Amino acid sequence: MVPRIQEELATLQAGYGKVDHREVGGEHWFLLADYRFPPGWQIRDQPLEVGPIAFPVNASYPMGEPYGFLTPAGINFKGAPPQNTGSPRQPPVPGEWQFFSWAPNGWSATADASVGSNLTVWARSFRVRLGEGA
């Protein structure tokens, strides 16, 4: 694992607890096992307070910004299916997933992972998208 990814994985684990990392085909995949969802999100008709979120970053990271994240399939906001989602993309972990189209706002990565944009900033941004509801 490249040093930047190793450093950022440790930072993600400090902020999100259990975080799984896998490198597959030039992409780095991260699974945040216990992501806290904003109120209103459900899987089918069951409230989703805490659940998994997965996301990839490609080999050009950190200069190439990340794009999109995945939640469990069947997710909805108060019964309404989410918009701006794409075809399911399967991360290298078990389960069925729903892909959310999402891009960072003002991505500005630096050589130092503790300064500027990083994967922790990226993971926090998911709450912005999820906070918008469906």
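Note that these values count all heavy atoms, side chains included, but never hydrogens, waters or copies made by symmetry. Residue numbers start at 1 and run along the sequence shown. Since this is a predicted model, take the numbers as computed values, not measurements.
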Mind checking the [atom1]-[atom2] spacing from [X] to [Y]? Nearest 0.5 Å is all I need.
| X | Y | atom1 | atom2 | answer |
| --- | --- | --- | --- | --- |
| L12 | L32 | CG | CG | 6.0 Å |
| W97 | I75 | CH2 | CD1 | 10.5 Å |
| W41 | E49 | CH2 | CD | 15.0 Å |

Do [X] and [Y] have side chains that approach each other closer than 4.5 Å (heavy atoms only, starting at C-beta)?
| X | Y | answer |
| --- | --- | --- |
| W122 | E8 | no |
| F77 | P82 | no |
| L48 | Q42 | no |
| N118 | Y61 | yes |
| L9 | M1 | yes |
| E65 | S117 | no |
| P56 | P91 | no |

Under 3.5 Å: donor-acceptor pair, side chain of T110, backbone of V115: yes

Nearest heavy-atom neighbours spanning [X] and [Y]:
| X | Y | value |
| --- | --- | --- |
| A113 | E7 | CB-OE2, 3.6 Å |
| A109 | M63 | O-CE, 4.0 Å |
| P81 | A134 | O-CB, 3.6 Å |
| G131 | P38 | N-CG, 3.9 Å |
| P72 | Q98 | O-CB, 3.9 Å |

same_hphob_cluster(V57, V93) at 4.5 Å side-chain heavy-atom cutoff: no

Same cluster for Y16 and I5 if Ile/Leu/Val/Met/Phe/Trp/Tyr side chains link at under 4.5 Å? yes

List the steps and the verdict of side chain to side chain contact (heavy atoms under 4.5 Å, CB included) for Y35 and T71. CA-CA 10 Å; Y35 198 89; T71 64; over 6 Å; no

Does [atom1] belonging to [X] count more than 12 external heavy atoms closer than 6.0 Å?
| X | atom1 | result |
| --- | --- | --- |
| Q13 | CD | yes |
| R36 | CZ | no |
| D112 | CG | yes |

Looking only at side-chain N and O atoms, does N58 offer a donor or acceptor that is under 3.5 Å from a partner on S60? yes

Measure up the F100 and F69 rings against each other and bin them: parallel (under 30°), tilted (30 to 60°), perpendicular (over 60°). parallel

Between F55 and F30, what is the ring plane arrangement, given parallel below 30°, perpendicular above 60°, and tilted in between? parallel

Partner set under side chain to side chain donor-acceptor pair (under 3.5 Å) for S101, not counting sequence neighbours: Y67

Are L130 and I53 close enough, and set up right, to give a side chain to side chain contact (heavy atoms under 4.5 Å, CB included), and what steps lead you there? CA-CA 11 Å; L130 295 167; I53 284 189; 4.1 Å; yes

Show your working on side chain to side chain contact (heavy atoms under 4.5 Å, CB included) between L70 and W29 and close with a plain yes or no. CA-CA 11 Å; L70 297 97; W29 280 90; 3.5 Å; yes

So salt bridge (Lys or Arg N to Asp or Glu O under 4.0 Å) across residues 12-27, not counting sequence neighbours, yields D20-R22, E27-R89

